[in-house]
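Working notes, structure below.
Everything numeric here is computed off the predicted structure, so don't read it as measured data. Below, chains carry the letters A, B, ... as their sequence lines are ordered, and counting in each starts from 1.
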Amino acid sequence: MSATEPSTADSPPHRYSGALAQGIEARWQDRWEAEGTFEAPNPAGPLGDPEAVGGRPKRFVLDMFPYPSGAGLHMGHPLGFTATDIYARYSRMIGHNVLYTMGFDAFGLPAEQYAVQTGQHPAITTAQNVANIRAQLRRLGFSHDLRRSIDTTDPGYYRWTQWIFLQIFNSWCDPETKKARRIDELVAEFEAGTRAPRSGEWATLTAAQRRKELDQWRLAYVSDAPVNWCPGLGTVVANEEVTADGRSDRGNFPVFKRNMRQWMMRITSFADRLIDDLDLLDWTDALKTMQRNWIGRSEGATVHFDVAADSAAAGERITVFTTRPDTLFGATFMVLAPEHPLVGQLTTADQADAVASYRRAAEAKKDIDRQDEGREKTGVFTGSFAINPLNGARIPVWIADYVLMGYGTGAIMAVPCGDQRDFEFARTFGLEIIAIQDPTDGRGTDTSTWADAFVGDAPYINSANEALDLHGVASVAEGVHLTNQYLAEHGHGHATITFKLRDWLFSRQRYWGEPFPIVYDGDGNPHALPSDALPVLLPETDQFSPRTFDPDDAMSNPESPLDRLGHWTTLTLDLGDGPQQYRRDTNVMPQWAGSCWYELRYLDPTNDDVFVDPANEQYWMGPQATKADGRAHPGGVDLYVGGVEHAVLHLLYARFWHKVLFDLGHVSSVEPFHKLFNQGYILAAAYTDERGMYVEASQVEQRDDGWFHEGRPVSREYGKMGKSLKNALDPMDLCAEYGADTLRLYLMSMGPLDASRPWESKDVVGVYRFLQRLWRNLIDEDSGELRLLAQPSDVDTQRALHRTIAAVREELDNLRFNTAIAKLIEFNNHLTKLGGCPADCADALVKMVSPFAPHVGEELWARLGHVGSLTHEPFPVADPALLVADTVEYPVQVNGKVRGRVVVAADAADDVVQAAALADDKVQAALAGQAPKKVIVVRGRMVNIVA
RNA sequence: GCCCGAGUGGCGGAAUGGCAGACGCAGCGGACUCAAAAUCCGCCGUUGGCAACAACAUGUGGGUUCGAGUCCCACCUCGGGCACCA
């Protein structure tokens, strides 16, 4: 119990307290649910009520939905959810039809691992956890439309996840328009001869060849992809689960990097559009930059180096790919992978033995070791030379195992002055290093004195030939561009666009996920199941773990839990060519699948005919009128709030799926999330003992000389609130002590929504006292009766009220909840000084508070004599006449320092303000007789005199 | 390592390039009370000064500007992401 909690009997009986809040909150939560207060009508479909939709503007407010963990909500959830709830409630009060609900991203590893340990089916624990979290959300007073809640593990939901997968599987990306199109259209183009298949004339291909050809075009395809295979665990593991010495985090088994047959999604085909359409979005520049960098579009070059005429293999060309063709003047040698096909021809007789033995040694090494940057550089000269296409220099050709045949062309041009690996290689083998930049760190251009490569932007030097001159070129991009032009004109290469983005590895060898709606025929070809076969239900089993293997058996193959269900994996089907035996795909989809489209299902959650009725999608997410700046509106969710940890993956995957659905005509919005806001983290003090182990933060006590746990000193640090740092607080405990309204206000007042902030339990009383004072200004604490000041409010109070209204609206429109609350506290403090709330201010005050503290808001609204919820009451509007003052005080600076102040009429002209400023005694004193050189008057702000 | 972000009183934070520290916590003083709690009123960046006031202050060092917490460059520290945790 906190120090401020009235704990004695002499506290007034009707004071706002945690106990009083409990009663009020429960009562209004019951009523909201019984009356369906927050249900938003749809224009069409099962939840359709076109009349109720009316002519109101709409607003779709969305949270990143939670994983239903057994621990319930953690403090980060109510942080983001309160923000969206306030915004949703405010939006209703300014007349919008608001879609606001909450679902559950319920497939995933924790439920599966819990099932492995306990034998409890994940469906059971998931249902329990969802029920628990629903109760918690209700307790926090969120204004969700409960009819629209979804759960990704519900067959009624994942049926459509599978359906969307099939849409993607049955599509290809037209390279000309970069748009997804139906696979039938590709077949039609092949048949008509308007597009050439990659594997030969369509008419001459066999049915099997045609099938293989189409599979190469599909947006969802099966391919070999490099993964971390851990036979000891029987699963593929994430990079972060692999320790530095190549073993698994769990179990400490060896992990092997190897290729495996996996489902992939061709997200790289959409790379350009995923970059370009960022311009249409109302996201922060930081976030857009993160996505752009992740996609990593860059203009590089493919460059051909002729082998020198007097070398072995003369007449051949060595082709390399480089991201920095502008550095080509500094290329002083080349390095080929030992496996490169030209190595044999390039090797001269006297180097033959050395090359052969180096190639044998390289074969024995794993790729992962060969890329280890810290390793001693090794390599062998082939004896041959190539010609640098820009300056005609003869440069030696080496082989080294740090160049991999699988990456790019298996050969690189080495620019030792600007690349550390090349620099070390050159130093190790005494190769030439030419500076092509004038380093900005003062090291000079004599590379023999350099300790490392110079990496960074700096002016080009030694970078010109008879037709290409990079000297004076300001940016790398321009240097690249000019070099590429030269290469193309002289037949030495061409510009090549590359992306860092890789195709999306989409299958998991696990149990608790969506099964693929795919079967394989006897030849191993994938076939889509027809949509009427959906959902493909996840089969029942009590074996949730994958089969494990001899930990050292690198060539073993994963066997998912579904593989073992023989009765399920094989089936007889008629897919149009008579009944055949098929084998099901036994992978499941990654957890991202369900979260790639859930916002669309909220729009029409009970529709059994279609994943979303087009009329509903058009209404809630369709493009709006062209934006003020003339750009097209892409449609999408009006506000999406969630953690920045999803800045890249989830947001990119969801955008990709949405674009495919758009191209295929299933949705009218180009982008799923129009405005995005990233909330910060809640940090809390965490304590470690002398062994460096975290101790339970709630049991730490502070004394004058530090912090102690069970009598032993501990040290304090701050970190993300959570189980691992043992510093988590349960939001429900705060609801029990102070009430949900106080918790909501505290979370919002801690700081700006996008900043991470440390939790301080002792600070919670600040907003608690605000609610008490607000209550006391309206309600008599002894009698519980309404208590308003009878006389009309004076002009000061009116002005304060209307300034508050204007400010709170402005702050809410911009999601600045912390400062909105500060303004409300300020006005309430003004009322406290008046001795209570004038009757003519009460309605507006209560309405303004209600989005933040909705239970107190409803209760006071009812006690003010209103019938019904204030959910749809209009938000107060400020009177402009009360926002302007008669006079303005100008601070007067002399040389940038405030020396005096003058008060002038608010509408005074600049020369009047200037005269008043110069006439001020203190200003004159500061000027000390000097004549002002210049006077700057900023209207309504200040005056600066330059002397 | 690569990409993104953040550094302001004792603490959380506020501040369209225009009076640094709104609002809250903690602290100090006062009123009320037999007393305490609660409540109400006031003070509250640092240094010097009885004071008026002055000087110094937004991670560090430079720069742009009449004017910089805010814009630019470099550096330091901390947080997030890095593709099978979600």
**Asked** Between A/Lys922 and A/Pro590, which has a closest nucleotide on RNA chain B that is more 5'?
**Response** A/Lys922
**Asked** Considering heavy-atom distances to RNA chain B, does A/Val764 or A/Lys823 have its closest nucleotide positioned more toward the 5' end?
**Response** A/Lys823
**Item:** Aromatic A/Trp283 / basic A/Arg655 pairing, under 6.0 angstrom, 45° off normal
**Value:** yes
For [X] and [N], what is the distance between atoms [atom1] and [atom2] respectively, to the nearest whole Å?
X        : N     : atom1 : atom2 : answer
A/Lys897 : B/A57 : NZ    : C1'   : 11 Å
A/Leu287 : B/A6  : CG    : P     : 13 Å
A/Gln679 : B/C4  : CD    : C1'   : 17 Å
A/Glu760 : B/G27 : CD    : P     : 14 Å
A/Asp285 : B/C3  : CG    : P     : 17 Å
A/Arg769 : B/A37 : CZ    : P     : 13 Å
A/Leu73  : B/A86 : CG    : P     : 18 Å
A/Arg776 : B/U39 : CZ    : P     : 6 Å

Applying a 3.5 Å limit to both distances, which nucleotide forms a Watson-Crick or G-U wobble pair with [N]?
N     : value
B/A54 : B/U47
B/C2  : B/G81
B/A38 : none
B/C32 : none

**Request:** Name the closest nucleotide to the A/Asn829 side chain, picking from B/A86, B/C4, B/G24.
**Result:** B/G24
**Asked** Given B/G80, B/A26, B/C19, which nucleotide is nearest the side-chain atoms of A/Val898?
**Response** B/C19
**Request:** Using the P atom on both, measure B/U70 against B/G59 and round to a whole Å.
**Result:** 8 Å
**Message:** If you take the centroid of each ring, where Trp contributes its six-membered ring, are A/Trp504 and A/Tyr653 closer together than 6.0 Å?
**Reply:** yes
**Prompt:** Looking at A/Phe256 versus A/Trp229, is the centre-to-centre ring distance below 6.0 Å?
**Reply:** no
For [X] and [Y], which I'm curious about, is there any donor-acceptor pair between the side chains at under 3.5 Å?
X        : Y        : answer
A/Asn777 : A/Thr832 : yes
A/Thr268 : A/Asp503 : yes
A/Asn829 : A/Arg773 : yes

**Request:** Return yes if some donor-acceptor pair links the side-chain N/O of A/Asn587 with the main-chain N/O of A/Ser507 below 3.5 Å, else return no.
**Result:** no
**Request:** Using a 4.0 Å heavy-atom cut-off, write out nucleotides 13-18 of chain B from 5' to 3' as B (base contacted by protein), S (sugar-phosphate only) or - (no contact).
**Result:** SS-B-B
